[in-house]
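These numbers come from a predicted model, not from an experiment. This chain uses plain numbering: 1 for the first residue, then up along the sequence.
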Amino acid sequence: MRTDLLVDAVDGLDEALAAVDGFDAALVGGLLRPQPGQAGGLTGLADAVAGTPLASRVAEAAEKTAAGAGDEGHFVALAAARTALLGSVHDALVARVEEATGRPATGDTDAVPAGAGAEQATNLLIAARSWLSDLARAGWQGIDHELVGGAAPVVSAMLPDPALRRLATLLDGFAAELAASCPGATLERVPVRRWADLWSRAVLLTVPGAVSARAADEATGRLLPLGVDLQEHATAVQAQVHAVFEPADGGAARLVRASVSAPKPDTVVGAGLWQLLRPHMSLLAAVSEGRSMELDAMPLTGEGDLIWDDARARAGEPADAFATARVALPAAAAFAVAPLDRHPARIAVPVLLEGYGVEEAEGDGGVVFDVAGCRIAVDTGRVPAAGPLTPEAVASSGACLGLLRWDAGAFLLQPLAVERTVRKKAVAVHAGAWAGGTADKAGVRAEKAATDAVKVLRERAGKLLRK
């Protein structure tokens, strides 16, 4: 792996991000009466897409909005330009990762043309776009509970329609974040990039046909797990298994993902999270046991996500994740990303690093890997408490299997598993080692504590239901 390519500058990257930042800054103060500095951000966005098919529409939108006369159509054009710029950043970074790893380039996947499929309720899309436009005019510093509360009836009307549920969920979560920050005039710190991301995505989802249906397929063959990325929220948890899929027909190996989510009470944390997820996906047990899975016509989306069905999978032969990373991973190609999902924050590429030196990061007490003179930051903050992998284990490792991400202008590594030497033997430590159950003493104690918490919650829920 050529880690030097991960630290080299990418041409045009800073300019594209500067244009995005300029527009995001304009959203902070609002687009009703933009100040001269905000108008510059709008012009910069238009200049950044001047050589694209969006040029004329975005130039008009920037001019009208800078004059305080922007309408919903203009805001859609600005959101499209911002999304396109971040999409170009995503593509450039992914191309750099493919060059560094030497893997096959990401291929295109078939998609149903925009506008195809079931018709959506146009009136609800218009209502959502109207609310989002009001947000843009007010700006993040101008939000209040009355403005934010305008999303509630729109979300309630959308939720019963499966075709609108994606947008409804986004609006609901976005409105909840904004409500928790009201009034905007008193905010000491505004999550500028995040709120602009959510706003732009939501605006584009109000355009009928903006989300093209990805061509689905069926996967039959061997699945070789690499590791588990556990993502926890106060009320929900998700485990995403990254793996290499080898088709039974001898086709090229592909990088795939399989995810399982579950609601959770905020008292269930640590190893107790696995108790909520295990009943829904047998793959978690295979990860813990170090086994492959044999798939039979498992649904597979055009973006490489397996729609998991336990009835279509059975446990296979033992498969060590590090052996998979050394032998199968280098030739595995990723699937293409849907247009609206092309964003630097989405990058999560499985890689294996070996033969590195370990340094302590300056200031935050983190870890940096020195690979052939190139320093790669390690995001130990993403290591979940629901497994035996710890920052200390990462710091004493000699090989690391993780997800290569991009944040704050640089690539960094999220560890999924490490190999360390214990008594002259290589010992692997996996973040998802407790996913399917464990005999590890620390894991057993954590499981027991979580079980007791779940029992108490169920008893209390039963009493409330009986009343």
Inset, instruction - Indicate yes or no: at least one non-hydrogen side-chain atom of Val97 is less than 4.5 angstrom from one of Arg103. - result: no
Legend entry - Closest non-hydrogen atom pair between Leu54 and Ala81, with its separation: CD1-CA, 4.0 Å
Inset, instruction - Check for a donor-acceptor pair, side chain of Asp310 on one end and backbone N or O of Ser282 on the other, with a separation under 3.5 Å. - result: yes
Inset, instruction - Report yes if some heavy atom in the side chain of Leu135 is under 4.5 Å from a heavy atom in the side chain of Leu178; otherwise report no. - result: yes
Inset, instruction - Would you confirm whether Ser292, through its side chain, and Leu224, through its main-chain N or O, come within 3.5 Å as a donor-acceptor pair? - result: no
Legend entry - Derivation of the side chain to side chain contact (heavy atoms under 4.5 Å, CB included) call for Glu303 and Val337: CA-CA 6 Å; Glu303 290 190 297; Val337 179; 3.9 Å; yes
Legend entry - Check: Ser259/Gln238 side-chain N/O donor and acceptor closer than 3.5 Å: no
Legend entry - Glu246 and Arg222 ion-paired at < 4.0 Å: yes
Legend entry - Heavy-atom side-chain proximity of Phe411 to Val349 below 4.5 angstrom: no
Legend entry - Spatial distance of atom CG (Leu401) from atom OG1 (Thr324) [nearest 0.5 Å]: 9.0 Å
Inset, instruction - May I ask you to say whether Glu232 pairs ionically with Lys264, meaning some side-chain N is under 4.0 Å from a carboxylate O? - result: yes
Legend entry - Min side-chain heavy-atom separation Pro415-Leu389 under 4.5 Å: yes
Inset, instruction - With rounding to the nearest 0.5 Å, note down the distance linking CG in Leu404 to CG in Leu352. - result: 12.0 Å
Inset, instruction - Taking atom NE2 of His280 as the centre, report whether more than 12 heavy atoms of other residues, nucleotides or ligands fall under 6.0 Å from it. - result: yes
Inset, instruction - Could you tell me whether Asp24 and Arg82 have a side-chain N and a carboxylate O separated by less than 4.0 Å? - result: yes
Legend entry - Greater than 12 external heavy atoms within 6.0 Å of Asp249's CG: yes
Inset, instruction - Look at Arg312 together with Asp309 and state whether they make a salt bridge at an N to O cut-off of under 4.0 Å. - result: yes
Inset, instruction - Flag the pair Arg375 and Glu359 as a salt bridge only when some basic side-chain nitrogen lies within less than 4.0 angstrom of an acidic carboxylate oxygen. - result: yes
Inset, instruction - Please confirm whether the backbone N or O of Leu85 pairs with a side-chain atom of Ser88, one donor and one acceptor, at under 3.5 Å? - result: yes
Inset, instruction - State which residues pass ring pair (Phe, Tyr, Trp, His ring centres under 6.0 Å) with Phe75; sequence neighbours excluded, sorted by chain then number. - result: none
Inset, instruction - For residues Ile376 and Asp370, determine if any side-chain heavy atom of one lies less than 4.5 Å from a side-chain heavy atom of the other. - result: no
Inset, instruction - Mind checking the CG-OG spacing from Leu283 to Ser288? Nearest 0.5 Å is all I need. - result: 10.0 Å
Legend entry - Close side-chain approach of Arg342 and Leu86, heavy atoms under 4.5 Å: no
Legend entry - Nearest-0.5 Å distance that lies between atom CG in Leu340 and atom CG in Leu205: 6.0 Å
Inset, instruction - Would you indicate whether Arg194, at its atom CZ, is surrounded by more than 12 heavy atoms from other residues, nucleotides or ligands within a distance under 6.0 Å? - result: no
Inset, instruction - Write down the atom of Ala325, the atom of Leu226, and the distance for their closest heavy-atom approach. - result: N-CD2, 4.1 Å
Legend entry - Min side-chain heavy-atom separation Met281-Val241 under 4.5 Å: yes
Inset, instruction - Tell me yes or no: between the side chains of Ser397 and Tyr356, is some donor less than 3.5 Å from an acceptor? - result: yes
Legend entry - For Leu284 against Ala435, the heavy-atom pair lying closest together: O-CB, 3.7 Å
Legend entry - Salt-bridge contact Arg405-Asp407 (side-chain N to carboxylate O under 4.0 Å): no
Inset, instruction - Quick one: do Arg314 and Asp296 satisfy salt bridge (Lys or Arg N to Asp or Glu O under 4.0 Å)? Show the steps, please. - result: CA-CA 9 Å; Arg314 60 181 177 83; Asp296 182 14; over 6 Å; no
Inset, instruction - Decide side chain to side chain contact (heavy atoms under 4.5 Å, CB included) for Val368 and Val378; before the verdict, give the C-alpha distance in whole Å, the side-chain angles of both, and the deciding distance to 0.1 Å. - result: CA-CA 6 Å; Val368 173; Val378 182; 6.0 Å; no
Inset, instruction - Starting at CG of Leu159, measure out to CG of Asp161 and round the result to the nearest 0.5 Å. - result: 10.0 Å
Inset, instruction - Run the salt-bridge test on Asp229 and Arg382 with the 4.0 Å N-O cut-off and return the result as yes or no. - result: no
Legend entry - Non-hydrogen atoms of Trp308 and Ala313 that approach each other most closely: CZ2-CB, 3.6 Å
In a table with atom names and distances, give each donor-acceptor pair under 3.5 Å that connects a side chain of residues 418-434 to protein atoms at least two apart or in another chain.
| unit_1 | atom_1 | unit_2 | atom_2 | d |
| --- | --- | --- | --- | --- |
| Glu419 | OE1 | Arg326 | NH2 | 2.9 |
| Arg420 | NE | Ser396 | OG | 3.1 |
| Arg420 | NH2 | Ser396 | OG | 3.0 |

Inset, instruction - Please report the closest heavy-atom contact between Ala175 and Ala151, naming both atoms and the distance. - result: CB-CB, 3.9 Å
Legend entry - No-hydrogen, no-angle side-chain donor-acceptor test under 3.5 Å, Asp197 and Trp195: no
Legend entry - Geometric cation-pi criterion Arg254 and Phe335, 6.0 Å radius, 45° cone: yes
Inset, instruction - Would you name the heavy atoms of Pro318 and Arg291 that are closest together and state the gap between them? - result: CD-NH1, 3.7 Å
Inset, instruction - Measure the CE-CG distance between Met158 and Leu171 for me, rounded to the nearest 0.5 Å. - result: 5.5 Å
Legend entry - side chain to side chain contact (heavy atoms under 4.5 Å, CB included) between Leu306 and Leu223, worked out: CA-CA 11 Å; Leu306 294 165; Leu223 187 71; 4.0 Å; yes
Legend entry - pair Arg96-Asp8: side-chain heavy atoms closer than 4.5 Å: yes
Inset, instruction - May I have the step-by-step check of side chain to side chain contact (heavy atoms under 4.5 Å, CB included) for Asp305 and Leu300, ending in yes or no? - result: CA-CA 6 Å; Asp305 290 291; Leu300 175 66; 5.8 Å; no
